[in-house]
Enquirer: 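Have a look at this one.
If you're wondering where the values come from, they're calculated on a predicted model, not measured in any experiment. All values below were derived from every heavy atom in this structure, side-chain atoms included, with hydrogens, water molecules and symmetry-related copies excluded. Atoms within each ligand, like the ligands themselves, are counted from 1 in listed order.
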Amino acid sequence: MRYAANLGFLFTDLALPDAVRAAAQAGFDAVECHFPYETPVADLRAALDETGLRMLALNTWPGDRDAGEFGLCALPGRQDDARREIARAVDYAAAAGMDAVHVMAGRTDGGEAADACFCANLRFACDLAAARNLRILIEPINTRDVPGYHLSGTDHAERVLDAVQHDALGLMFDCYHMQIMQGDLARTLRRLMPRIGHVQIAAVPDRGEPDAGEVNYSWLMRELAEMGYGGHVGAEYRPRAGAGSTAAGLSWLSAFRDG
Ligand SMILES: O=C(O)[C@H](O)C(=O)CO
Ligand SMILES: [Mg+2]
């Protein structure tokens, strides 16, 4: 299995280009990020070119997090803001040579208006992304960490994928969120494999290094390979000893690879 360092949580004591270099030094096969927008894309490209790593994906802008926003794309009445941020994310991802954009839904009342808004913005995003040879990802996020998040389970994600019906649209299956919300990870991954665009892991319940907690990821990664998943697995966890100690907590990487 190939592993990507999620630089939204790993090596965050470093500027993004240097975090890319640290991830390469640590032996990751790729990187992914959350919100790179303050980093000039030329600086990021230079680090990616220098290390030979690909940056797999970024997130659309979450909005005003101090005001409780965590995504704009399912918020009725915010279509202009959402589509501006989708366009910005697609432009940045294309310029950085990425594969995908994770379109963040946001906190809503969960009603039909929010879902219609989300699907319309996803169609906009998929058309924009497909023209740049990018994919769009949607990710169910657990409502214990993010109360009210519009997309929090795979049944709803499947309804959205069915409603949007676009080849560019895929499911980002974050095992941390899905273990909290619904469990049954292996069977759900196997059933949804044709629709999976990316997989992420972190320990449950503390979201730390994945070689601890209630999920046996060493076993699950072997199952994922057997299912035929050919993508990277995103290590999207918070190092227990702090971001400055990311490298010290990477014993799981070689252990998982050695199977
Ligand atoms: O938090 C997550 O798991 C998502 O992948 C994300 O990046 C939202 O910031
Ligand atoms: Mg995630």
Enquirer: So, at under 2.8 Å, which protein N, O or S atoms would a careful student list around the Mg ion (ligand 2)?
Expert: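 Result, waters dropped: Glu139 OE2, Asp174 OD2, Gln200 OE1, Glu236 OE1.
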
Enquirer: Measure from the ring center of His34 to the ring center of Phe9 and say whether it is less than 6.0 Å.
Expert: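 That pair passes the under 6.0 Å test.
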
Enquirer: Quick one: look up the protein heavy atom nearest atom 1 (O) of ligand 1 and list residue, atom name and how far away it is.
Expert: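 Heavy-atom neighbour on the protein nearest atom 1 (O) of ligand 1: Arg207 NH2, 3.3 Å.
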
Enquirer: Strictly distance-based, threshold 3.5 Å: is any side-chain N or O of Gln79 a donor or acceptor partner for the main-chain N or O of Asn121?
Expert: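 The answer is no, because no donor-acceptor pair under 3.5 Å joins these two groups.
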
Enquirer: How long is the gap from CG on Leu44 to CG on Asp49, to the nearest 0.5 Å?
Expert: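 Going from CG on Leu44 over to CG on Asp49, the span is 9.0 Å.
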
Enquirer: Which residue and atom name correspond to the protein heavy atom nearest atom 5 (O) of ligand 1, and how close is it?
Expert: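 Answer, as residue, atom name and distance: Glu139 OE1, 2.6 Å.
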
Enquirer: With a cut-off of 4.0 Å, which atoms of ligand 1 are near a heavy atom of Asn59?
Expert: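 So the answer, numbered in order with elements, is 6 (C), 7 (O), 8 (C), 9 (O).
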
Enquirer: Under a 4.0 angstrom heavy-atom cut-off, which atoms of ligand 1 come close to His177?
Expert: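 Those of ligand 1 that fall under 4.0 Å from His177 are 1 (O), 2 (C), 3 (O).
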
Enquirer: Please determine whether a side-chain nitrogen of the Lys or Arg among Arg190 and Asp184 lies less than 4.0 Å from a carboxylate oxygen of the Asp or Glu.
Expert: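 Between Asp184 and Arg190 there is no salt bridge, as every charged N stays at least 4.0 Å from the carboxylate O atoms.
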
Enquirer: For a 4.5 angstrom cut-off between non-hydrogen side-chain atoms, does Tyr149 reach Thr108?
Expert: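 Tyr149 does not reach Thr108 side chain to side chain.
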
Enquirer: How does Tyr176 reach ligand 1, if at all, at less than 4.0 Å between non-hydrogen atoms: by side chain, backbone, both, or neither?
Expert: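 Contact part for Tyr176 vs ligand 1: neither.
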
Enquirer: May I ask you to list the atoms of ligand 1 that are less than 4.0 angstrom from any heavy atom of Gln200?
Expert: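 In order of number, 5 (O).
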
Enquirer: For ligand 1, which is the ligand I care about here, please tell me if His102 has any N or O atom under 3.5 Å from one of the ligand's N or O atoms.
Expert: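 It does not: no N or O of His102 is found under 3.5 Å from an N or O of ligand 1.
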
Enquirer: Kindly say whether Pro147 contributes a backbone atom to a donor-acceptor pair with the side chain of Arg107 at under 3.5 angstrom?
Expert: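 The answer is yes, because a donor-acceptor pair under 3.5 Å joins these two groups.
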
Enquirer: Checking side-chain contact (heavy atoms from CB on, under 4.5 Å) between His232 and each of Arg54, Glu32, Arg2, which is the one that passes?
Expert: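 So, applying the side-chain contact (heavy atoms from CB on, under 4.5 Å) to His232 and each of Arg54, Glu32, Arg2, only Arg2 qualifies.
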
Enquirer: Name the orientation class of the two ring planes belonging to His150 and Phe118 (parallel below 30°, tilted from 30 to 60°, perpendicular beyond 60°).
Expert: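 The rings of His150 and Phe118 stand perpendicular, inter-plane angle above 60°.
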
Enquirer: Are Asp127 and Arg132 within salt-bridge range, i.e. N to O under 4.0 Å?
Expert: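 Salt bridge flag = no for Arg132 with Asp127.
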
Enquirer: Can Arg257 be said to sit on top of Tyr3's aromatic six-ring, NZ or CZ under 6.0 Å from centre and within 45° of the ring axis?
Expert: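 So Arg257 doesn't make the cation-pi contact.
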
Enquirer: Taking 4.0 angstrom as the limit and counting only heavy atoms of Phe70, give me the atoms of ligand 1 inside it, by number and element.
Expert: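 Those qualifying, in numeric order: 8 (C), 9 (O).
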
